[in-house]
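Below: the structure, in structure tokens.
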Amino acid sequence: MFIDEATIRVKAGDGGNGCMAFRREKFVPRGGPSGGDGGRGGDVVMECSERHNTLVHFRFNPEYNAQRGRHGEGSNRTGRDGESAVLKVPLGTIVYDMKSGETVHDFSRADERLIVAHGGRGGRGNQHFATSTHQAPTEFEYGKPGEERVLRLELKLLADVGLVGYPNVGKSTLISRISAARPKIADYPFTTLEPNLGVVTIGELPDEESYVVADLPGLIEGAHTGAGLGMQFLKHIERTRLLVHLIDVSDASGRPDTVKDFKVIMGELAGFGSGLQDKPMIVVASKIDVVNPDKLKQLRKHCKKLGLELYEISAATGQGIQELKYAMGRAVRQIREGSYVPARPAPEKKTVSARKARKKAEPARRIPKRAAFKKRKTR
């Protein structure tokens with residue numbers, strides 16, 4: 001089960017109370033105060049772990065408490081500190097405070113640790129209140145309560161490339177061909193119900209490179225209003241560096257216009273916000289083995305107009321897969337290095353009338369000043 005949102009309540013441990021005690025030993029008359037301090041309460045710590053890829057363990061266990069500190073004891077003995085509670089979160093988790101709405105932390109690196117709730121300080125025993133004029137104090141302090149918070153966890157997968165497009169355009173088949181991921185593949189819409197990640201490796205050692213590809217559930221027109229699976233999974237490509245837009249150029253989709261398919265998906269990306277429509281993009285014409293030539297021609301013309309790279313592949317036969325793998329890796333590397341040049345639309349050709357073209361082609365004739373003066377006078 002893929003869970004990418006959860007709300008939890010965390011409670012740090014309370015501090016132990018200080019002790020009020022006096023020395024009572026043989027041959028020690030009127031022993032002084034000997035009350036020890038209370039132990040400190042345990043913290044609630046979040047740690048980023050690469051072994052977890054979902055928040056499902058928080059959905060069914062929403063409350064976490066750290067251990068409280070032990071009370072102080074006589075003979076100036078300090079109470080034991082409480083043990084901290086360590087919560088493992090997957091890479092890409094963002095923690096929000098429900099009360100203020102502020103972002104607490106964004107776990108973007110492995111093995112990051114953050115104290116989200118601090119334990120209470122232990123109280124002081126009566127030994128700390130002794131003075132020269134007050135040698136038998138009965139005062140002591142209670143432990144401070146631990147911090148309590150309600151947190152909202154939101155998981156956004158960290159991937160380099162995000163696959164987007166209509167359902168059944170071949171996204172799951174593509175990621176299964178270029179990586180070790182094995183998503184569910186079937187011939188009906190919305191086969192993919194949760195994002196899938198795959199690691200793609202290109203090149204050979206020692207110049208081997210790798211990048212992460214995210215396969216997202218398909219989008220349809222009106223997804224931003226809740227149609228289909230809605231847009232709940234598009235947040236997982238907010239951090240992707242590159243989008244790969246797959247478009248079915250066969251007759252199996254039942255949609256005759258590939259340009260309209262492209263515009264619908266781009267409109268849904270724009271409807272989600274976060275600038276997804278402005279990310280670097282590669283367009284892929286899928287199912288080229290059963291291609292409709294007219295649909296492919298439409299798509300080629302539209303991509304040339306927008307200045308976008310177009311790759312034609314067939315995941316079933318393997319045609320064009322290697323070229324696409326290396327093209328995605330090259331784009332990801334350039335984006336990481338900051339040398340990527342975004343696509344620019346091709347300049348529109350201006351239509352020139354035949355009369356202007358003929359006049360432009362004719363050599364310019366120089367008219368003497370006297371002749372030009374006579375010509376104006378006759379007019």
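All values derive from a computational prediction rather than experimental measurement.
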Minimum heavy-atom separation for [X] and [Y], please, with both atom names.
{"X": "Y96", "Y": "V104", "answer": "C-CG2, 4.1 Å"}
{"X": "V200", "Y": "S179", "answer": "CG2-CB, 4.2 Å"}
{"X": "V259", "Y": "D257", "answer": "N-OD1, 3.0 Å"}
{"X": "V45", "Y": "S84", "answer": "CG2-CB, 4.4 Å"}
{"X": "A316", "Y": "R177", "answer": "O-NH1, 3.6 Å"}
{"X": "V10", "Y": "A117", "answer": "CG2-CB, 4.1 Å"}

Looking at [X], I'd like to know if its [atom1] atom is crowded, meaning that more than 12 non-hydrogen atoms belonging to other residues, nucleotides or ligands lie closer than 6.0 Å.
{"X": "E204", "atom1": "CD", "answer": "no"}
{"X": "E154", "atom1": "CD", "answer": "yes"}
{"X": "K144", "atom1": "NZ", "answer": "no"}
{"X": "E25", "atom1": "CD", "answer": "yes"}
{"X": "R70", "atom1": "CZ", "answer": "no"}

For the [atom1] atom of [X] and the [atom2] atom of [Y], what is their distance to the nearest 0.5 Å?
{"X": "L55", "Y": "E5", "atom1": "CG", "atom2": "CD", "result": "9.0 Å"}
{"X": "E112", "Y": "D106", "atom1": "CD", "atom2": "CG", "result": "8.0 Å"}
{"X": "N76", "Y": "S34", "atom1": "CG", "atom2": "OG", "result": "5.5 Å"}
{"X": "M46", "Y": "I115", "atom1": "CE", "atom2": "CD1", "result": "12.5 Å"}
{"X": "L163", "Y": "I178", "atom1": "CG", "atom2": "CD1", "result": "6.5 Å"}
{"X": "Y326", "Y": "R330", "atom1": "OH", "atom2": "CZ", "result": "11.0 Å"}

One thing to verify: whether [Y] and [X] come together as a salt bridge, which I'm taking to mean a side-chain N less than 4.0 angstrom from a carboxylate O.
{"X": "K11", "Y": "E147", "result": "no"}
{"X": "R40", "Y": "D81", "result": "no"}
{"X": "D261", "Y": "R255", "result": "yes"}
{"X": "R77", "Y": "D37", "result": "no"}
{"X": "E323", "Y": "K325", "result": "no"}

- Pairs involving residues 85-100, ordered by first then second residue, that meet salt bridge (Lys or Arg N to Asp or Glu O under 4.0 Å) (sequence neighbours left out): E47-K88, D97-R149
- In sequence, state the C-alpha distance, the side-chain angles, and the governing distance for L174 and L324, and then conclude on side chain to side chain contact (heavy atoms under 4.5 Å, CB included). CA-CA 10 Å; L174 174 61; L324 178 61; 4.0 Å; yes
Okay, side chain of [X], backbone of [Y]: is any donor-acceptor separation there less than 3.5 Å?
{"X": "D160", "Y": "L242", "value": "no"}
{"X": "Q135", "Y": "S132", "value": "yes"}
{"X": "K279", "Y": "T240", "value": "yes"}
{"X": "T258", "Y": "K295", "value": "yes"}

Do [X] and [Y] have side chains that get closer than 4.5 Å, going by heavy atoms?
{"X": "F107", "Y": "L91", "answer": "no"}
{"X": "L246", "Y": "V164", "answer": "no"}
{"X": "T103", "Y": "I94", "answer": "yes"}
{"X": "P62", "Y": "T7", "answer": "no"}
{"X": "I247", "Y": "Y166", "answer": "no"}
{"X": "L296", "Y": "E312", "answer": "yes"}
{"X": "V44", "Y": "L87", "answer": "yes"}
{"X": "H71", "Y": "F140", "answer": "no"}

- Item | Ring-ring centroid check H134 F129, cutoff 6.0 Å | no
- Query: Is the F58-F60 ring centre distance short of 6.0 angstrom?
  - Reply: no
- Hey, mind stepping through V161 and V332 against side chain to side chain contact (heavy atoms under 4.5 Å, CB included) and telling me if it holds? CA-CA 8 Å; V161 180; V332 169; 3.6 Å; yes
- Item | Residue pair V284, H245: steps toward the side chain to side chain contact (heavy atoms under 4.5 Å, CB included) verdict | CA-CA 6 Å; V284 175; H245 188 167; over 6 Å; no
- Cation-pi check, R9 to Y64: give yes when NZ or CZ is under 6.0 Å from the six-membered ring centre and within 45° of the ring axis, no otherwise. no
- Determine, step by step, whether M266 and M281 satisfy the side chain to side chain contact (heavy atoms under 4.5 Å, CB included) criterion, reporting the C-alpha distance in whole Å, the side-chain angles of both residues, the deciding distance to 0.1 Å, and the verdict. CA-CA 11 Å; M266 295 302 294; M281 179 177 292; 3.4 Å; yes
- Task: Following the transitive rule for hydrophobic clusters with a side-chain heavy-atom cut-off under 4.5 Å over Ile, Leu, Val, Met, Phe, Trp and Tyr, establish whether V86 and L114 coincide in one cluster.
- Result: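 In one cluster: no.
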- What do the steps show when you test E209 against Y211 for side chain to side chain donor-acceptor pair (under 3.5 Å), and what is the final call? CA-CA 7 Å; E209 298 181 9; Y211 55 91; over 6 Å; no
- Message: List the residues meeting salt bridge (Lys or Arg N to Asp or Glu O under 4.0 Å) with R80, not counting sequence neighbours, and say none if there are none.
- Response: none
